[in-house]
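For reference, the structure discussed in these notes is given below.
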Amino acid sequence: MKLYTYLIMGAVLSGLTACASFPDEQYPVQQGWRIAHLERTVGSAEALSTVDAQRDCRSLLPAAEAASQRWALVHFRRPPGLVDSVVPIDLDSGIQPGDAVYADVEHCAHALVPRLSH
């Protein structure tokens, strides 16, 4: 192949990589973020046993603070399967069950963020 063909192929591949990774870089896995899907909202007083989540951020807060927060059950992929987690949600965000979101599942410090398709 000629040199210009390699240059064009390299430019196309780097453009595809940049497009595919840019939004996810704002929510890095190393900082506890996961791409997840909203299953449903969860009440602050809903029993832990009825939620069936491997991680429940409600348990990290004092009861009064947890009661003032809104919560959601999300699932994300972690091989070999899916993991369920209860995380904070801002009900004014417009996120609906089934929507793809970014979830802070490690630190529980941030509400869900909608994941826009790109």
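Hydrogens, waters and symmetry mates are skipped; everything else that's a heavy atom, side chains included, is used.
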### Task
Locate the shortest heavy-atom distance separating His107 from Asp104; write the atom from each residue and the value.
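Shortest heavy-atom separation between His107 and Asp104 comes out as N-OD1, 3.2 Å.
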
### Query
Taking atom CZ of Arg115 and atom CD1 of Ile35, what is their separation to the nearest 0.5 Å?
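It comes to 3.5 Å.
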
### Query
Are Glu106 and Gln31 side-chain neighbours, meaning at least one heavy-atom pair lies under 4.5 Å?
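A side-chain contact is absent here, since even the closest heavy-atom pair is not under 4.5 Å.
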
Under 3.5 Å donor-acceptor pairs involving side-chain atoms of residues 75-92, not counting sequence neighbours:
{"unit_1": "His75", "atom_1": "ND1", "unit_2": "Glu39", "atom_2": "OE2", "d": "2.9"}
{"unit_1": "Ser85", "atom_1": "OG", "unit_2": "Arg55", "atom_2": "O", "d": "3.3"}
{"unit_1": "Asp90", "atom_1": "OD1", "unit_2": "Asp92", "atom_2": "N", "d": "3.1"}

Cluster link [X] to [Y], ILVMFWY, side chain under 4.5 Å:
X: Leu112; Y: Trp71; answer: no
X: Val113; Y: Ile95; answer: no
X: Tyr27; Y: Val74; answer: no

### Query
What pairs of residues pass the disulfide bond (SG atoms under 2.5 Å apart) test when at least one of them lies in residues 51-113, not counting sequence neighbours?
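Only Cys57-Cys108 qualify under disulfide bond (SG atoms under 2.5 Å apart).
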
#### Entry: Residues forming a side-chain contact (heavy atoms from CB on, under 4.5 Å) with Ala67, sequence neighbours excluded
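Ser44.
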
### Message
If the condition is ring-ring contact (aromatic ring centres under 6.0 Å, His included), which residues does His110 pass it with, not counting sequence neighbours?
### Response
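With neighbours one apart ignored, the set is Trp33.
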
### Arg58 side-chain N/O to Gly43 backbone N/O, donor-acceptor pair under 3.5 Å
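Yes; judged by distance alone, with no hydrogens or angles, the pair exists.
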
### Query
Rest of the hydrophobic cluster containing Val29 (Ile/Leu/Val/Met/Phe/Trp/Tyr, side-chain heavy atoms under 4.5 Å)?
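None; Val29 is a cluster of one.
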
